[in-house]
Amino acid sequence: MKYHFNDIETKWQKYWAKNQTFKALNPPVSGVLKNAPKFYVLDMFPYPSGAGLHVGHPLGYIASDIYARYKRHKGFNVLHPMGYDSFGLPAEQYAIQTGQHPAKTTEENIATYRRQMDQIGFSFDWNREVRTSEPDYYKHTQWIFIQLFESYYCLDTDKAQPILKLINRFEKDGNATINAVCDEDTSLFNAAEWNTFSEVKKQEILLKYRLTYLSETKVNWCPALGTVLANDEVINGISERGGHPVEQKEMKQWSMRITAYTQRLLDGLDTIDWPQPLKDSQINWIGRSEGALVAFKILNSEFNIEVFTTRPDTIFGVSFMTFAPEHELVDKITTSDYSDAVAAYKKVTAKRSERERMADVKTISGQFTGAYAEHPFTGEKIPIWIGDYVLAGYGTGAVMAVPCGDQRDYDFAKYFDIPIPNIFKDIDISEYACEDKQAIITNSDFISDMPAKKAIKRMIYELGQRGIGAGKINYRLRDAVFSRQRYWGEPFPVYYKDGMPQMIAKKHLPILLPEVEKYLPTEDGKPPLGNATQWAWDTNLNKVVNNNLITSNTIENSLNANGIYPLELNTMPGWAGSSWYFNRYMDPDNTEEFASQEALNYWKNVDLYIGGSEHATGHLLYARFWQKFLFDKGLVSVDEYVKKLINQGMILGTSAFVYRWNYESEDPQKPKKLIFVSKTKMEKVIKERKTIENSEKGALKKRISETGRIKIPQAVYNNWSNFTPIHTDIRFVNASNELDIEAFKNWREEYKEAEFVTESDGKFIVGREVEKMSKSKYNVVNPDDICHNYGADTLRMYEMFLGPLEQAKPWNTAGITGVHSFLKKLWRLYHSGDQETFYVSDQKPSDEALKTLHKTIKKVEEDIVNFSFNTSVATFMIAVNELTAQNCNKREILEPLAILIEPYAPHIAEELWEKLGHTDSIAKVPFPKFEEKYLVESTKVYPISFNGKMRFTLELSLDLSKEEIEKIVLAHKKTQKQLKGRIPKKVIVVPGKIVNLVE
RNA sequence: GCUCGAGUGGCGGAAUUGGUAGACGCGCUGGAUUCAAAAUCCAGUGGUAGCAAUAUCGUGUGGGUUCGAUUCCCACCUCGAGUACCA
C-alpha cells in the first residue's frame with residue numbers, strides 16, 4: 001500500500017472532529033488528565049480577510065500546534081484554541097463598495113479560513129472558537145468598557161478603584177488631597193464646592209478621572225478612511241491600512257487612560273519571557289524619561305511657564321526658551337512689535353503637515369516673540385522664541401534651551417545668532433554641543449565642579465527648596481483614542497443625557513449593532529451609525545428604539561421629557577475585542593460573565609503565545625493594559641496575560657513584474673498604446689538606449705530598426721523614457737519566469753489590447769523580487785495547492801524546515817520534494833520490501849537501531865523546547881535514513897518513532913499508529929523516554945590537529961588516559977608524517993574531544 | 001540619527017559552557033532501473049592545484065585573546081527591522 005496522503009489526511013481530520021480528540025477540559029475531573037498540569041498555547045487570532053490564508057499565516061500556527069501536541073504527549077491538559085478578530089476595516093470598505101453587509105462577508109471569509117485551517121490538521125479545540133463581532137462576545141467587550149468607565153486610577157494603592165470611592169472622597173474632602181491620575185487641567189475644589197456643583201458639572205469632573213473618558217483631543221484624522229486612528233495605526237504620517245494621509249484634528253472622542261499604567265507596563269516586562277527586541281519597542285514606545293519640571297517667570301506678564309528637562313543641571317547654560325508654535329501662551333505673551341511675524345510663522349508651520357515636518361528635520365526655523373522670561377537662578381532676561389522643533393504634544397510644549405548642551409538648541413542658536421554660554425569645564429563647544437553626561441559642570445554657582453549625575457540631584461533638591469520645580473518622570477506614551485467613526489465595530493453601551501455619557505446596565509447588554517442603509521458617514525458628517533433609524537435609548541423600556549422618539553436630537557439638549565436619549569454614534573476600535581479574547585477562550589460559552597472565576601483561576605494565563613512582532617506597540621500593549629485593569633478589579637488572577645512569547649518571522653513572497661514602457665507619444669491626441677517589455681529585452685533596450693543616446697539622431701533611427709523585433713511606434717525614437725515595473729499575478733508565471741501572456745491579457749480589461757515585446761524565442765520573461773506576501777502585490781501562494789499536491793504533513797514539515805521560526809524568509813517551493821520524499825521513506829519503513837504490505841516485526845531491535853532512536857528522542861525534545869523546529873526535521877531525516885540503511889522494522893523502534901513525529905506530521909503518524917494495532921488516537925500517548933544507556937560509546941573518533949588544523953582522525957578507546965592518548969598519537973605514522981621529524985612544543989589532549997599538537 | 005537583529009557553499013540553512021566548519025534538504029554531475037518519462041535507488045559535490053594520495057585557502061573586513069575562534073573582545077563595512085526633532 002502506497003502513501004496516499006490525501007485519503008489519510010481526510011480520514012484523520014474527520015476522526016479528530018468526530019472524537020473531539022483535542023477538546024480541552026476545564027479542569028478535567030476524571031480520566032488520565034485528572035491531575036494533569038495545564039498548558040495554554042495561543043496563536044494570535046487572524047482577521048478573516050477576503051483573500052483567505054496564504055502560506056505565511058500557518059507558519060506560527062504550525063509551530064504552536066507542534067508545541068501543543070508535544071505537551072499533550074507530555075501529559076499536560078492543553079488549551080489550544082482559535083478564533084477570529086472579525087470586526088475591522090476591510091469588510092466595511094467592501095460593504096461600502098458593494099452594499100454587502102459586513103456580517104455576511106465576514107461569515108464567508110471565516111468559512112474559508114476554517115476550511116483551510118482544517119485541511120492543515122491543526123489540533124485546535126474548535127468548541128472554544130470566539131468571534132469578536134458576535135453579540136455573545138462583544139456583550140462582554142461592552143461590559144469591560146463600562147468597568148473602565150466606572151473606575152479611576154488611585155496612586156495610593158497603585159491600582160484601579162471604583163469611581164464611587166472617588167465620589168465619596170470628593171464629598172468629604174474635595175479633590176486637593178486626592179492622589180489619583182487625572183487630566184492635567186483638572187481644577188481644585190473642596191467638599192463644599194463639590195456638593196454645590198450641578199450633576200452635569202460633577203460628571204464633567206469625573207470624566208477627568210475615569211479610565212475611559214470623553215474629551216476634546218487632538219486626534220489622527222484620516223479623511224480617506226473617514227475615521228480617527230490610534231498612534232500605532234499611523235506610520236510616518238500615513239495610515240497603516242491603505243496608506244492614506246493623516247492629519248491632526250480636534251475632536252470629541254473616547255480615550256483610554258493607558259498612561260495611568262505606564263510604570264506598571266514597564267515593570268511588568270521584567271517578569272515575562274518575551275523577545276528582547278519586542279520588549280525594547282514597548283519600552284521605546286512608552287518612552288520613560290527622568291528629569292525635572294522647572295518654572296520660569298515670564299516678564300511683564302502674569303504667566304509662568306513650566307518646562308520639562310532631563311538635564312536640570314545645565315540650567316545655567318540657558319540662553320533662550322523655545323515654545324511650540326501651537327502653545328497656548330504664545331499669543332498671550334507675544335509683544336505687539338512681533339505679533340505679525342509670530343502670526344505669519346504660526347501660519348507657515350500649521351500648513352506644514354506632520355509628515356513634512358518629520359521628513360524635513362534639517363531645516364531650522366523659528367521666530368522671536370518679543371517676550372522674555374526670567375532665569376530662576378541668575379535673574380537674567382531670557383528671550384522667548386517659537387520654533388517647530390519643539391513639539392506641542394510632548395512634555396509641556398516648551399523647552400529651556402541650553403545650546404551648549406543640546407545639539408538642536410545649539411543649531412537653533414547658531415542659526416539665529418543667539419549666545420551660546422559654555423558651562424562645561426575644558427570642553428570645546430565651537431563646533432558641536434556637548435551632550436556627554438561625563439562632562440564636569442562649571443560657571444554654575446552651587447553645582448559647579450560637579451559631574452552631571454550629582455549636579456542633577458542637587459539641582460532637583462534646590463528647585464524644590466525654592467518652590468520653582470521638582471523631579472518629574474515624563475512619558476512619551478499618550479492616552480489611546482478609543483472611538484472610530486466606522487460601522488463595523490462594537491457599539492458603545494452609551495447614551496447621552498444632558499450631553500453627558502451614561503452607561504447602560506449590564507443586564508441590557510449587548511447593545512446590538514443597528515442596521516443601516518449605507519455604511520458611509522451621514523451627510524452632515526456624523527459616523528455611519530448616524531444613518532440608523534433604530535438608534536435611541538429608552539430609559540423606561542430599557543431598549544433601543546426609533547430615533548424619532550427623541551425629543552431633541554442634540555446630545556447637548558437637557559430637556560428630555562420622555563426619557564429617550566440618543567445613543568453613541570462611534571464604535572470601538574479593532575483592538576477592543578482583541579484586548580481580552582485570550583480570557584474568553586477559557587470559558588467561551590459563559591453567558592453571564594466574560595469567563596467564570598473558576599475557569600480563569602484554572603487556566604490563569606497563556607503559557608506560550610506565537611505571533612508577529614508587528615503587534616508590539618498595538619495589541620500586545622493594549623492587551624497588557626486591559627489585563628492589568630481586570631487584575632486590579634479582581635476579575636482575573638494574573639496581571640500579565642502571556643508568560644512566553646515567540647515572534648514568528650514573516651514568510652515573504654516573490655513578486656513578478658512586467659515592465660511597462662513609458663514612451664512619449666508622437667501624436668498626443670492619439671491614445672498611447674500599452675507596451676510591456678520582457679525583462680532581458682528591457683535590459684537590452686536600456687543598454688541600447690545608452691549607446692544610442694550617444695550617437696546622432698539619424699544613426700539612432702537606423703540602429704533601432706536594425707534591432708528588429710522591438711516593434712515601437714515612430715515617436716518612441718524621440719524619447720526613450722523609463723520602464724515602470726508592474727506587479728503581475730505570480731499564477732501567470734512558470735518556474736522559468738515565463739509569463740503566460742494570454743492569461744495576463746485576460747486579467748485586466750486595459751491589458752486586452754496591450755502589446756508585448758518578447759525575447760527572440762518568443763518567450764516573455766518577468767522580473768522577480770522578494771517582498772512581503774500580500775494580495776495587492778499578487779505574490780500570494782496559498783496552502784491549498786500544496787495540501788492537494790503533497791499533503792498537509794508535507795506542508796507542515798516543509799514550513800518548519802525552511803529555517804528558524806523567528807527569521808523572515810522568502811517562500812520557495814524548490815525544496816518541498818525533499819520533505820515529501822522523506823515522508824514516503826518514513827512510510828516505507830513500516831512496510832515490507834514490495835511497499836505494499838504493512839510489516840513490522842516484534843523481534844528485538846539491534847543496538848544500532850536503539851542508538852538511532854534514542855539519539856533522535858534526545859535531539860527532537862531539545863529542539864522542541866528551544867523552538868528549533870527546522871533542526872528537528874533534519875533529525876527525523878537522519879533517523880529515517882539510518883533506520884532504512886539498517887533495514888530496521890522493529891516495533892520497539894517504530895512505535896516510539898511514530899510518536900516522536902506526530903507533532904510535526906500528525907496524519908501519517910495516526911495512520912501508522914493504527915496500523916501498528918492501536919485503536920485509540922496517538923495524540924495523547926506518552927512521549928518516548930530518552931535513555932542515555934543506548935548512547936554510551938566505548939570509543940571516540942578523535943580529530944588530530946596540528947596548530948589547530950585538523951589533519952586526520954583516529955579512533956581511540958575512551959578509557960585511555962591523557963598520557964596514553966598522547967603516546968599513541970605521537971607514535972602514529974600519520975603524525976610522524978605531519979611532523980616530518982620535528983618535535984611538537986606542546987601536545988594538548990582533551991579526552992573525548994580533541995588532540996592538538998603545537999609545533 | 002538612535003535602538004535591535006543578521007552577514008557561513010550555487011541556494012535554504014547546520015554547528016556557540018571556544019574543540020573535526022558546511023549537518024539536513026534543494027540544485028548540479030555521473031550511474032542503475034525504464035521502450036521512454038515520472039517516481040525510485042546508488043555515488044560524487046566549498047574554492048584552488050593535482051590522475052591520485054595530498055597540499056593550500058576558506059564563516060562580511062581589519063586587528064586582538066587562545067594550543068585552538070563561525071563562536072569571546074575592539075574597530076569598521078553591508079543588509080534588514082523598529083523608531084524618529086521626546087527636550
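Owing to the predicted nature of the structure, the values given are computational and were not obtained by experimental measurement. Labels below follow one simple rule: chain letters A, B, ... track the order of the sequence lines, proteins then strands, and each chain is numbered from 1.
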Q.
Of the options B/A39, B/C86, B/G82, whose atoms approach the side-chain atoms of A/K824 most closely?
A. B/A39
Q.
Closest-nucleotide mapping onto RNA chain B: is A/T817 or A/D280 further toward the 5' terminus? I mean the 5' end.
A. A/D280
Q: Return yes if a side-chain donor-acceptor contact under 3.5 Å exists between A/T939 and A/E955, otherwise no.
A: yes
(Q) Applying side chain to side chain donor-acceptor pair (under 3.5 Å) as the test, list every pair that has at least one member in residues 813-822 of chain A; sequence neighbours left out. (A) A/T794-A/H820
Q) What integer distance in Å separates A/M797:CE from B/C24:P? A) 16 Å
Q: Compare side-chain N and O positions of A/R476 against OP1 and OP2 of B/A84 and report whether any pair is under 4.0 Å apart.
A: yes
Q. Given atom CD1 of A/I651 and atom P of B/G80, what is their separation to the nearest angstrom?
A. 20 Å
Q: Mind checking A/V998 for me? I need base, sugar-phosphate or nothing, with any heavy atom below 4.0 Å counting as a touch.
A: sugar-phosphate
Q.
Checking side-chain polar atoms at under 3.5 Å, does A/S365 have a donor or acceptor matched by the opposite partner on A/Y345?
A. yes
**Q.** Glycosidic class, syn or anti, of B/G9 using a 90° window around 0
**A.** syn
Q: Considering only atom C1', compute the distance from B/G22 to B/A15 and round it to an integer number of Å.
A: 9 Å
Q) Say you pick atom P in B/G7 and the same atom in B/U71; how far apart are they, in whole Å? A) 11 Å
**Q.** Whole angstrom value for the distance that separates P of B/U40 from NZ of A/K825
**A.** 9 Å
Q: Compute whether any side-chain donor of one residue and acceptor of the other, for A/D479 and A/T259, lie under 3.5 angstrom apart.
A: yes
Q | For the student: nearest non-hydrogen atoms of A/T322 and A/G387, plus distance | A | CG2-N, 3.5 Å
Q. Would you say B/A55 has OP1 or OP2 under 4.0 Å from some side-chain N or O of A/R951?
A. no
Q | A/T369 side chain vs A/I384 backbone, donor-acceptor pair below 3.5 Å | A | yes
**Q.** Pairwise C1' distance, B/G25 and B/U61 [rounded to whole Å]
**A.** 31 Å
Q. If you measure from the P atom in B/C77 to the same atom in B/C41, how many Å do you get, rounded?
A. 50 Å
(Q) Please report the distance, rounded to the nearest Å, between CZ in A/F323 and P in B/A87. (A) 18 Å
(Q) So, OP1 or OP2 of B/A23: does either fall under 4.0 Å of a side-chain N or O from A/N881? (A) no
Q.
I'd like the P distance from B/C79 over to B/C42, given in whole Å.
A. 44 Å
Q) For atom C1', what is the distance between B/G64 and B/G13, given to the nearest Å? A) 30 Å
(Q) Looking at A/R408, I'd like to know whether one of its side-chain N or O atoms comes within less than 4.0 Å of OP1 or OP2 on B/C86. (A) yes
**Q.** B/U78 and B/U56, which share atom name P, separated by this distance in whole Å
**A.** 35 Å
Q: Apply side-chain contact (heavy atoms from CB on, under 4.5 Å) to the pair A/F5 and A/L823, showing each step before the final yes or no.
A: CA-CA 10 Å; A/F5 49 87; A/L823 286 171; over 6 Å; no
Q. Rounded to the Å, how far apart are A/L823 CG and B/C24 P?
A. 18 Å
**Q.** Heavy-atom pair with the smallest gap, counting every atom of A/F876 and A/I901
**A.** CZ-CA, 3.8 Å
Q. B/A87 C1' sits how many Å from A/I305 CD1, rounded?
A. 13 Å
Q: Compare side-chain N and O positions of A/S289 against OP1 and OP2 of B/A87 and report whether any pair is under 4.0 Å apart.
A: yes
Q | Derivation of the side-chain contact (heavy atoms from CB on, under 4.5 Å) call for A/I816 and A/F801 | A | CA-CA 9 Å; A/I816 202 162; A/F801 193 50; over 6 Å; no
Q. Between B/C4 atom P and A/K279 atom NZ, what is the distance in whole Å?
A. 15 Å
Q) Given that both pair distances must be under 3.5 Å and the pair must be Watson-Crick or G-U, what runs of three or more consecutive pairs involve RNA chain B? A) B:1-7 with B:77-83, B:10-12 with B:24-26, B:27-32 with B:40-45, B:46-49 with B:54-57, B:60-64 with B:72-76
**Q.** Value in whole Å for how far the C1' atom of B/G82 lies from CG of A/N284
**A.** 8 Å
Q. Just wondering, do A/L954 and A/V995 contact through their side chains at under 4.5 Å, heavy atoms?
A. no
Q: Can you tell me, in whole Å, how much space there is between the C1' of B/U17 and that of B/G80?
A: 30 Å
**Q.** Selected nucleotide, minimal atom distance to A/S821 side chain, candidates B/A87, B/U40, B/C85
**A.** B/U40
Q: Check the side chains of A/N996 and A/K986 for a donor-acceptor pair under 3.5 angstrom, ignoring hydrogens and angles.
A: no
Q. Quick one: what's the B/S/- string for nucleotides 7-21 of chain B, heavy-atom cutoff under 4.0 Å, read 5' to 3'?
A. -----BSS----BB-
